[in-house]
Structure formats: structure tokens, C-alpha cells
Engineer: 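Before I ask anything, here is the structure I am working with.
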Amino acid sequence: MKSYNVAKLLAEDKTQIEIEIKGWVRTFRANRFIALNDGSTINNIQCVVDFDALSEATLKRVTTGAAVHIKGTLVESQGKGQTVEIQVNALEILGDSDPETYPIQPKKHSFEFLRENAHLRTRTNTFSAVMRLRSALSFAVHKYFNENGFYYMHTPIVTGSDAEGAGEMFRVSALNAKNPPLTETGDVDYTQDFFGKETNLTVSGQLEAETYAMSLGKVYTFGPTFRAENSNTSRHLSEFWMIEPEVAFMDLAGNMDLAEDFMKSVIGYVLEKNADDIAFLEQRLIQEDKSKPQAERSEMTLTEKLKFVVNNNFKRVSYTEAIEILRNSKPNKKKKFKYIIEEWGADLQSEHERFLVEKHFKCPVILFDYPANIKAFYMRLNDDGTTVRAMDILFPGIGEIVGGSQREERLEVLKEKMAELDIPEEELWWYLDLRKYGTAVHSGFGLGFERLVMFTTGMGNIRDVIPYPRTPQNAEF
Ligand code: 4AD
Ligand code: MG
């Protein structure tokens with residue numbers, strides 16, 4: 001007897017074969033029809049129980065959430081909705097459920113409720129589909145870089161430098177919190193801490209990735225990053241995963257080409273490999289849309305949206321052009337934006353980014369050449385002396401999904417910039433060394449993995465695309 005998973009069974013073209021399978025009961029209808037799922041696919045397999053095949057006592061234990069082991073015959077289905085089903089010959093209860101208290105009842109649950117039950121939420125269709133897609137996207141990331149000559153590099157999680165400036169950091173300390181050693185001036189004495197200095201969880205692997213790009217040529221990191229900002233939005237996590245490629249001898253134009261090709265490739269991969277999950281999520285969105293006013297409904301289905309990204313060029317627009325568009329836009333003139341764009345130099349808020357992608361261009365947009373003073377210290381200064389070779393990629397429904405730049409490769413210019421921002425050279429001596437020994441043009445970017453998963457699944461809240469979200473005031477599980 002062959003052991004199967006549900007995905008393989010549903011694809012099996014031979015019937016009248018003896019099979020066995022293990023999974024969880026989704027529903028048990030009319031004391032006869034078990035919908036069984038084992039996580040291998042969004043689809044359940046129907047298992048038909050003959051009345052006399054099982055004892056009364058066993059039948060009672062077939063409840064939603066129970067784990068079962070079924071032996072039976074694969075037959076052509078009599079009913080609608082599936083091609084094959086299992087005629088059950090033997091059923092063993094592996095683990096009982098409790099129909100009174102089991103949180104995942106066969107009915108619609110709110111996402112808030114499921115977040116509180118995040119340890120069980122992948123037993124629902126929506127979350128199992130989202131997490132299978134997350135897994136597939138993650139594989140597609142490694143596949144893309146591997147096939148394009150990149151080395152995968154593990155950048156440190158605990159970092160001794162906080163110069164990146166990408167956000168507030170979480171301190172890592174082994175000092176006694178109640179009674180830490182103090183310096184003469186009354187500050188905590190981190191020289192007595194575990195690492196002999198103040199350390200934090202990393203906000204980005206970029207600076208370390210740059211060191212490897214300048215020897216291995218093309219590298220990427222894909223790991224967890226941490227930001228202690230109190231931004232309680234549907235697009236921010238305190239712990240999120242970032243993909244950061246870094247490439248020697250590549251300029252900003254090459255960086256944009258890479259980012260665009262990469263994103264099209266990973267989205268194209270799941271469109272092909274995870275069609276069932278995407279189709280399910282698409283239907284979910286169509287249902288959700290029905291309860292919205294016409295104006296808020298999406299113009300494209302999820303598949304159409306994903307195909308649109310794969311098949312169309314991202315629009316490349318300079319910051320200066322974007323400011324002109326925004327300044328002359330309706331919401332700006334009618335003071336509908338919370339932050340009115342008055343002049344060149346303004347930092348773009350997510351309302352502006354979303355206007356550009358969703359209302360104006362209606363496609364993914366790459367904004368580049370930002371004012372130097374609203375971007376990080378390491379970005380390559382343009383010849384105009386005021387803008388840097390930065391790029392942000394904006395996606396419909398998401399806003400900023402990628403942030404990157406060409407890096408400042410000139411030692412003196414970089415030093416000047418660091419001095420301006422009070423970044424101590426001692427802290428980044430190794431970063432400066434790259435500019436001393438064999439410096440060269442190089443570039444890279446960071447893609448927020450959860451924002452990519454949001455876009456691909458159509459989920460509206462970032463807490464619903466990572467298994468156990470960490471957000472302000474929340475680190476359950
Ligand atoms: O724009 P950011 O801050 O860029 C960097 O950290 C660079 N060092 C990247 C690089 O050039 N190697 O972050 C990059 C991306 C953002 O565009 C966004 O998608 C995501 O990371 N991101 C977040 N995602 C979830 N929650 C947060 N709090 C995020 N902050 C940034
Ligand atoms: Mg950014």
C-alpha cells in the first residue's frame with residue numbers, strides 16, 4: 001500500500017488502488033463525508049466512510065481538527081467538486097480534537113481572531129495558502145540568485161555598529177538589568193557587557209554585504225532584520241526578513257535592472273508553481289471586494305495584478321519629476337494630503353507614494369535621484385552635489401517595497417559625509433577600508449520580504465504574512 005499526500009492523490013490518474021493517508025479533519029458531514037487536509041495543497045480530499053466500516057465510538061471521534069490515519073481505495077468521485085475520493089476501509093484516530101473548544105471551526109473567522117490563534121491559523125485555507133506562497137517565494141529568491149551567479153552570504157544578526165541609520169535598534173545585552181555596572185559619569189558601562197561594547201540587533205545586512213561584494217563580486221543576504229520603531233501600521237514589523245543583493249562594478253541603472261528582473265522572476269515563479277493557492281486567494285479577494293463600495297474595489301484580479309507586474313516595465317521617474325507631479329496633483333491642490341508638497345526636498349510620505357503608483361502611473365514605479373539630505377550617508381553623491389543615486393521601488397497597494405542605491409565609493413566624499421552626520425570613523429573603519437583598497441562602483445538594494453508576500457497574496461496586513469509577527473506590544477508565541 002502506497003503512502004500519499006493529498007496533492008499527489010488528487011493528481012493520481014489511476015483509480016481502484018489501495019492507498020493510505022494521514023491528515024487533519026476539516027469537516028465531517030452527514031456522518032459519512034470527511035474533508036481531509038494535510039497541508040500539501042489548498043484542496044481537501046473527500047473520504048467516504050461506510051456506516052458499518054467504523055464503530056460508533058470511532059465515528060464520534062471524527063471531529064474538526066482531529067488527526068487521522070486512513071486506509072482505503074481511491075475511486076472516481078460520485079459527487080461534484082472532485083474527480084477522486086477515498087472509500088475508507090480503515091480509520092485510526094491519531095489525535096483527538098475537542099469540538100467544544102477547538103478554535104478553528106468550519107466557518108469564517110476574522111483575521112484578528114486568527115492572529116490570536118496564530119499557532120493554529122495555518123489550518124485554515126487562507127493562511128495555509130499564504131504560508132505555502134511565502135515558502136515558494138523564499139525558494140524562488142534563492143533560485144534566482146543562484147542561477148545568476150550570486151553567492152549567498154550570512155550577515156551577522158548581532159551588530160556592533162549602529163551607523164546604518166535605517167532605524168531605531170534593539171539592544172542586545174547580558175548585563176544585569178537591575179544593577180548594571182556604571183561608568184564614572186553614570187552611564188551604563190558596556191565595556192563590561194558580553195561583547196565588551198554596546199551591541200544591537202541588525203537593521204540591515206548591507207554594510208557587511210558590501211564587503212563581500214568587493215571580493216566575491218555578486219552576493220546577497222536574506223535574513224531577519226529588526227527595527228524598534230513604534231510604527232503600528234499594516235506595513236511595518238519590528239522583525240522582518242530582508243533580501244539584500246550587492247554587486248561590484250554595477251551602477252544605479254544596473255541596480256534598477258536587477259531589481260526589476262528579480263521581482264518579475266520570483267513573482268513569475270509562484271504564478272506558475274502555486275496557481276491553486278493564488279486562485280484561492282483571488283476568490284477570497286473577490287468576495288471581500290463585494291462588501292466594499294464600488295470605488296474601492298480593485299480593477300484587477302490577483303492573477304491579473306501579478307501578471308501585470310511580470311509583463312510590464314516598471315516606470316522610472318526621478319524624484320524631481322515626482323515632486324512636480326505631486327505638486328500639481330489634485331489631492332495636493334485640494335489639500336487632501338496630510339502632508340502638502342510645497343517644494344523640492346520634501347520627504348515623500350506613503351500617501352504620496354501610493355498616489356504615484358495607484359492613481360498617476362498605475363504601475364510599479366522606480367523613483368531615483370533623491371535629495372541627499374533625506375537619504376542614508378552611504379549613497380553615491382551625484383555631480384549636482386545635492387542629489388544621491390538612490391532608488392525606491394513603489395508597488396500598488398504596498399507603497400515602498402524596495403530601497404537601494406549606488407554606494408559612495410570615493411573615500412574623501414564618504415568621510416566628509418560621515419563627519420557631517422557625526423558618524424565616527426572608528427566605528428566604520430572596515431567600511432572605509434573598502435574605499436581605500438581597490439574601491440569601485442557598486443550598488444545594491446533591500447527588498448522587504450513580507451511586503452513582497454503581501455503583494456503576491458493580496459493580504460492587506462503584514463501581520464498576516466509572517467508566521468509569528470513581532471510588533472509594538474506584541475511578541476506572543
Ligand atoms: O529602505 P530600507 O530601510 O533600506 C535598507 O535597509 C538598505 N540598507 C537596503 C539596502 O540597500 N541593502 O529597507 C528596505 C526595505 C523597504 O523598502 C521595505 O520593503 C522593507 O525593507 N522594510 C520593512 N518591512 C517591514 N517592516 C518594516 N519595519 C520595514 N522597514 C523596511
Ligand atoms: Mg527605505
Side-chain angles (χ1 to χ4, degrees), residues 134 137 141 145 150 153 155 159 161-170 201-213 218-247 250 252 255-256 258-259 262-263 319 347-350 352-353 357 364-368 370-371 374-380 388-395 397-408 428 431 442-456 459 461-466 469-472 474:
R134 184 182 165 105
L137 280 167
V141 167
F145 287 124
F150 285 73
M153 169 198 184
T155 47
T159 171
S161 66
D162 67 352
E164 154 100 8
E168 292 297 309
M169 305 182 98
F170 290 101
L201 293 178
T202 187
V203 293
S204 157
Q206 176 198 323
L207 304 192
E208 290 89 352
E210 280 187 54
T211 65
Y212 270 40
K218 292 160 79 170
V219 300
Y220 72 106
T221 108
F222 182 4
T225 49
F226 306 86
R227 299 194 184 178
E229 272 135 316
N230 210 345
S231 22
N232 233 326
T233 79
S234 58
R235 302 177 313 123
H236 288 89
L237 290 165
S238 314
E239 174 182 284
F240 64 99
W241 287 65
M242 194 164 23
I243 297 146
E244 296 180 276
E246 195 68 35
V247 182
M250 185 176 76
L252 188 65
N255 205 20
M256 294 189 214
L258 173 65
F262 164 64
M263 295 184 78
Y319 167 90
D347 203 354
L348 300 185
Q349 306 296 325
S350 70
H352 307 128
E353 296 175 340
V357 274
V365 175
I366 311 184
L367 289 187
F368 61 92
Y370 281 74
I374 59 170
K375 287 290 182 189
F377 77 96
Y378 50 70
M379 296 187 178
R380 175 64 156 79
V388 285
R389 285 185 196 159
M391 65 152 190
D392 275 6
I393 303 185
L394 315 177
F395 260 40
I398 306 288
E400 181 192 332
I401 192 164
V402 164
S405 69
Q406 186 177 317
R407 318 306 188 188
E408 184 55 75
L428 287 181
Y431 191 71
H442 63 287
S443 304
F445 62 84
L447 167 74
F449 185 57
E450 282 73 24
R451 293 197 184 165
L452 175 69
V453 182
M454 281 179 83
F455 181 76
T456 313
M459 297 298 277
N461 192 317
I462 201 163
R463 292 167 177 80
D464 296 331
V465 298
I466 187 165
R470 271 74 180 98
T471 50
N474 171 44

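We count ligands from 1, going down the list as the structure has it; atoms in each ligand are counted the same way. If you read the sequence from its start, that first residue is 1, and numbering goes on from there.
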Engineer: Looking only at side chains, do Glu210 and Tyr378 share a donor and an acceptor under 3.5 Å apart?
Structural biologist: no
Engineer: What are the atoms of ligand 1, with element, lying closer than 4.0 Å to any heavy atom of Tyr378?
Structural biologist: 7 (C), 8 (N)
Engineer: Counting only heavy atoms, which portion of Arg451 has something under 4.0 Å from ligand 1: side chain, backbone, both, or neither?
Structural biologist: side chain
Engineer: Kindly compute the distance separating CD1 (Ile466) from CZ (Phe449), expressed to the nearest 0.5 Å.
Structural biologist: 9.5 Å
Engineer: Is any side-chain heavy atom of Ser405 closer than 4.5 Å to one of Val388?
Structural biologist: no
Engineer: For Val247 versus Ala213, what's the shortest heavy-atom pair and its separation?
Structural biologist: N-CB, 4.2 Å
Engineer: I need the minimum non-hydrogen distance between His236 and Thr471, along with the two atoms involved.
Structural biologist: O-CG2, 4.1 Å
Engineer: Does Asp392 reach ligand 1, in the sense of a heavy atom lying below 4.0 Å from it?
Structural biologist: no
Engineer: Using modelled atom types only, decide if a donor and an acceptor are shared between the side chain of Glu244 and the backbone of Gly205 within a distance under 3.5 Å.
Structural biologist: yes
Engineer: So which atom in Thr159 and which in Thr202 form the shortest heavy-atom distance, rounded to 0.1 Å?
Structural biologist: CG2-CA, 3.6 Å
Engineer: If you count the atoms of ligand 1 from 1 in the order shown, which ones are under 4.0 Å from a heavy atom of Arg235?
Structural biologist: 25 (C), 26 (N)
Engineer: Looking only at non-hydrogen atoms, which of Met391, Glu244, Arg227 approaches atom 6 (O) of ligand 1 most closely?
Structural biologist: Arg227
Engineer: Please name the atom of Glu400, limited to N, O or S, that comes nearest to the Mg ion (ligand 2).
Structural biologist: OE2
Engineer: Give me the one residue out of Phe145, Phe445, Tyr212 that meets ring pair (Phe, Tyr, Trp, His ring centres under 6.0 Å) with Tyr220.
Structural biologist: Phe145
Engineer: Check this for me - ligand 1, Gly448, N or O atoms closer than 3.5 angstrom, yes or no?
Structural biologist: yes
Engineer: I'd like to check which ligand 1 atoms, numbered from 1 as shown, lie under 4.0 Å from a non-hydrogen atom of Gly404.
Structural biologist: 11 (O)
Engineer: Heavy-atom distances under 4.0 Å are what count here, so tell me which part of Phe240 touches ligand 1: side chain, backbone, both or neither.
Structural biologist: side chain
Engineer: Applying a heavy-atom cut-off of 4.0 Å, say which part of Val402 lies close to ligand 1: side chain, backbone, both or neither.
Structural biologist: backbone
Engineer: State the atoms of ligand 1, each with its element, that fall below the 4.0 Å cut-off from a heavy-atom position in Ile401.
Structural biologist: 17 (O), 18 (C), 19 (O)
Engineer: Tell me the nearest of Gly446, Gly399, Gly205 to atom 10 (C) of ligand 1, using heavy-atom distances.
Structural biologist: Gly446
Engineer: Between Arg407, Glu239, Glu246, which one has a non-hydrogen atom sitting closest to atom 11 (O) of ligand 1?
Structural biologist: Arg407
Engineer: Relative to the heavy atoms of Ile462, which atoms of ligand 1 are at a distance of less than 4.0 Å?
Structural biologist: 25 (C)
Engineer: Please list, in number order, the atoms of ligand 1 under 4.0 Å from a heavy atom of Glu400.
Structural biologist: 1 (O), 16 (C), 17 (O), 19 (O)
Engineer: Would you mind listing which atoms of ligand 1 come within a distance below 4.0 Å of any non-hydrogen atom of Gly403?
Structural biologist: 1 (O), 9 (C), 10 (C), 11 (O), 17 (O)
Engineer: Compare all side-chain heavy atoms of Ile462 with those of Pro469 and state whether any distance is below 4.5 angstrom.
Structural biologist: no
Engineer: So, the side chain of Gln406 versus the backbone of Leu252: is there a donor-acceptor pair under 3.5 Å, distance only?
Structural biologist: yes
Engineer: Does ligand 1 have a heavy atom under 4.0 Å from the side chain of Phe395, from its backbone, from both, or from neither?
Structural biologist: neither
Engineer: Output yes when a side-chain donor or acceptor of Thr225 lies under 3.5 Å from a complementary backbone atom of Ser204, and no otherwise.
Structural biologist: no
